[in-house]
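Given the structure is predicted, the values throughout are model-derived calculations rather than measurements. Basis for what follows: all heavy atoms, side chains included, without hydrogens, waters or symmetry-related copies.
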Amino acid sequence: MDALSLLFPPRVSGPSLPPAAAAKVPLNSRRISGTRLAPRRWRRAARLSSVSAVAAETPRTEEAPSPSPSGEERFDWLDQWYPLAPVCDLDPRAPHGKTVLGLSVVAWYDRGAGEWRVFDDACPHRLAPLSEGRIDDKGRLQCVYHGWCFDGAGACKFIPQAPALGPQVHKNTKACVASYPCVVQNNILWFYPRAEPEYKDVLQRKRPPYIPEIDDPEFVTVYGIRDLFYGYDVLVENLMDPAHVPYAHKGLMRGIRKKEDPGRYLIGMFLFITVEYDVEGGGPMKMKIETANIGGFLSAADRGYFQFEAPCTFHGSPSRQEVHFLHHLALRAGQGNKKTPRILLVFFCIPVSPGRSRVIWAFPRNVGVWLDKIIPRWFYHINQNRILDSDIYLLHVEERKFAEVGLDNWQKACYVPTESDNMVIAFRSWFRKFCKNQVGWATPQVNQLPPTPTKDQLMERYWSHVAQCRSCSAALKAMKALEVALQVASVAVVGFLAVANGTLVTSTIQRAVVVSMAVLCFAASRWLANFIEKNFYFQDYVHAYK
């Protein structure tokens, strides 16, 4: 798999990924079970529900997760930490609404405590969304429906409609909003989806998965976030499938051809003749599941390692072949003698609702660090969003076909004979064995997939990414202003020519120059408008023409 296209902007060369000592990577295998309670105190009727998923194929013997001694071990979806967003994409001046595990929450920055908070996204007064509110002049979260204000602990501090000398109704527990444990780790805001008092100190017992390279000062990390029109299990499965990369992402990412595969050679009289290679560069992949249990699994491969830490974190380091290229780049940058070149792929896969998921990516690297000083983050996101767009329709349709065949028939409907499918098989086995092919939603969910939107809605970028990314939002605002400026300039130049004709502009050459300036300004504005549309709103990806 070619990771360079993920890590670097279009047409910008970048480092690749080193191998890692897979055996040294810790696996969070904590086995915790507990009762499933609704996180909101006032939502008494809430209960966990599930969405249609796909039954897993029974993996090969060496890949099968360790059987439970009791045979009844179940993954507890509510006893986990979930990422909300990279902190760099959260504006401390405003609240931010997110849906995770079917639960609507709002993240906001408590200036008094200097910390981020995560609340239930519903005002206890009339259930208006607090994510549509504001941070008031005292640093409190204010509901903009009736002006109720809440402090960092969720306590109501002010009800404008209550008489100042009357009963202190704001002190009633019913006026409080549910507050969830949260922590910033690896520059990402995480929250724990239980608001009951006994979970207030859950951080002392259990922390989110930690990636040390992200906090290493020698590394730089490119973050991104995108909402997707397919479910959690399809998202995880797709990220665990390196074999699809040169085909689904043709023109964006390339495969690495395994030329030592003996089955792809015909022996002639005195020479070898290569056969069975395609132009995309696909080939066999050695992949073995070495550790598997309720906490996830570890996969060692000839192209590095990958680790799944249930339910959200998937990270790894591909290809020894790419290390040599990475080392070459480091030498050219004068860094070869200073450190071993390293880059990791880190993905956080978040269940949002049935048929919807969110991915947060973080790509820490210790080479090409200087690139981040001259290349803005939004420019990296252009290619990364193209990659997500190139298989989003395939996965959306695939999920519905999985639902049609039923939860217990995935292994019958899908034929997965090669070793490159081992991680997919291992995940489907984990999802079947420990989750019964169901996401443990925190709120009641309709047990069916939403209707299929049109392709421009399915692949739209603004609401799924740009609106959530501060870098892309700022770039879009600046480009729109530049587009308007270019249009005004083209009109102004034409107006100047009309007014100054025969006075300031007297020669044919001068008139030609002025007209050329107008044409160039107009053409630049049209090119910029097209660039904005394709990279910040919608761009189709037609595989047949790649």
Side-chain angles (χ1 to χ4, degrees), residues 5-6 9-10 51-54 98-99 224-241 243-254 280 347 349-361 378-405 410 413-414 424 439 445-446 448-469 472-473 475-476 479-480 483 526-546:
S5 300
L6 285 171
V51 65
S52 297
V54 184
K98 300 287 182 183
T99 300
I225 185 171
R226 178 83 181 261
D227 281 10
L228 301 164
F229 278 92
Y230 48 82
Y232 158 84
D233 56 319
V234 176
L235 169 61
V236 178
E237 175 187 294
N238 184 56
L239 292 174
M240 293 181 177
D241 175 23
H244 83 282
V245 168
Y247 304 97
H249 307 309
K250 186 176 181 180
L252 301 172
M253 302 177 72
R254 68 179 185 273
E280 291 84 1
F347 299 97
C349 308
I350 305 157
V352 174
S353 61
R356 296 296 298 270
S357 61
R358 181 179 303 118
V359 60
I360 297 173
W361 62 87
W378 63 265
F379 197 62
Y380 289 98
H381 288 174
I382 289 176
N383 205 46
Q384 291 160 354
N385 275 305
R386 286 174 184 166
I387 292 170
L388 290 171
D389 283 342
S390 58
D391 61 12
I392 190 171
Y393 183 73
L394 305 177
L395 299 171
H396 181 83
V397 173
E398 177 183 284
E399 181 177 32
R400 277 141 181 80
K401 292 184 180 295
F402 284 170
E404 289 175 4
V405 302
W410 183 85
C414 299
V424 173
V439 173
Q445 300 291 313
V446 176
Q448 64 183 23
L449 296 173
T452 296
T454 59
K455 203 170 185 181
D456 58 337
Q457 294 173 325
L458 190 67
M459 299 170 64
E460 71 84 24
R461 289 190 190 176
Y462 181 78
W463 293 109
S464 64
H465 171 74
V466 175
Q468 303 183 66
C469 174
C472 289
S473 295
L476 176 61
M479 289 182 191
K480 282 187 171 181
E483 179 190 356
R526 293 298 82 209
W527 179 89
L528 187 58
N530 184 60
F531 180 86
I532 290 173
E533 174 66 23
K534 290 194 301 182
N535 293 291
F536 295 94
Y537 289 98
F538 168 73
Q539 181 179 13
D540 199 1
Y541 184 96
V542 183
H543 291 82
Y545 300 126
K546 300 298 180 181

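The backbone N or O of Asn530 lies less than 3.5 Å from no partner atom in the side chain of Glu533, so there is not a single donor-acceptor pair. A side-chain donor-acceptor contact under 3.5 Å links His249 to the backbone of Ile387. Using a distance-only test at 3.5 Å, with no hydrogens or angles considered, a donor-acceptor pair links the side chain of Glu460 to the main chain of Trp463. Listed for the His381 side chain is no donor-acceptor partner under 3.5 Å among the backbone atoms of Cys472.
In this structure, the side chain to side chain contact (heavy atoms under 4.5 Å, CB included) partners of Ser473, at least two apart in sequence or on a different chain, are Val466. For Asp227, the salt bridge (Lys or Arg N to Asp or Glu O under 4.0 Å) criterion is met by Arg358, not counting sequence neighbours.
Two residues are said to be in side-chain contact when any heavy atoms from C-beta on lie closer than 4.5 Å; Arg386 and Gln539 meet this criterion. Looking at Val245 and Lys250, their side chains never come closer than 4.5 Å, going by heavy atoms from C-beta outward. Using a 4.5 Å heavy-atom cutoff, the side chains of Glu237 and Asp233 are not in contact. Taking the side chain as every heavy atom from C-beta outward, Gln384 and Arg226 never approach each other to under 4.5 Å. Looking at heavy atoms from C-beta onward, Trp378 lies in side-chain contact with Phe536 at the 4.5 angstrom threshold. Within the 4.5 Å cutoff, the side chain of Ser390 has heavy atoms near those of the Leu252 side chain. By the 4.5 Å heavy-atom criterion applied to side chains, Tyr230 and Val397 are not counted as neighbours. For the pair Ile350 and Ile360, the minimum side-chain heavy-atom distance is below 4.5 Å.
The pair Asp456-Arg461 fails the salt-bridge criterion, with no side-chain N (NZ, NE, NH1 or NH2) lying under 4.0 Å from an Asp/Glu carboxylate O.
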| said: For Cys349 and Leu239: C-alpha separation, side-chain torsions, deciding distance, then whether side-chain contact (heavy atoms from CB on, under 4.5 Å) applies. | reply: CA-CA 9 Å; Cys349 308; Leu239 292 174; 3.4 Å; yes
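The CG atom of Leu235 sits 6.0 Å away from atom CG of Leu228, with the distance rounded to the nearest 0.5 Å.
More than 12 heavy atoms of other shown residues, nucleotides or ligands fall within 6.0 angstrom of atom CZ in Phe538. Within a 6.0 Å sphere centred on NZ of Lys455, heavy atoms belonging to other residues, nucleotides or ligands number more than 12.
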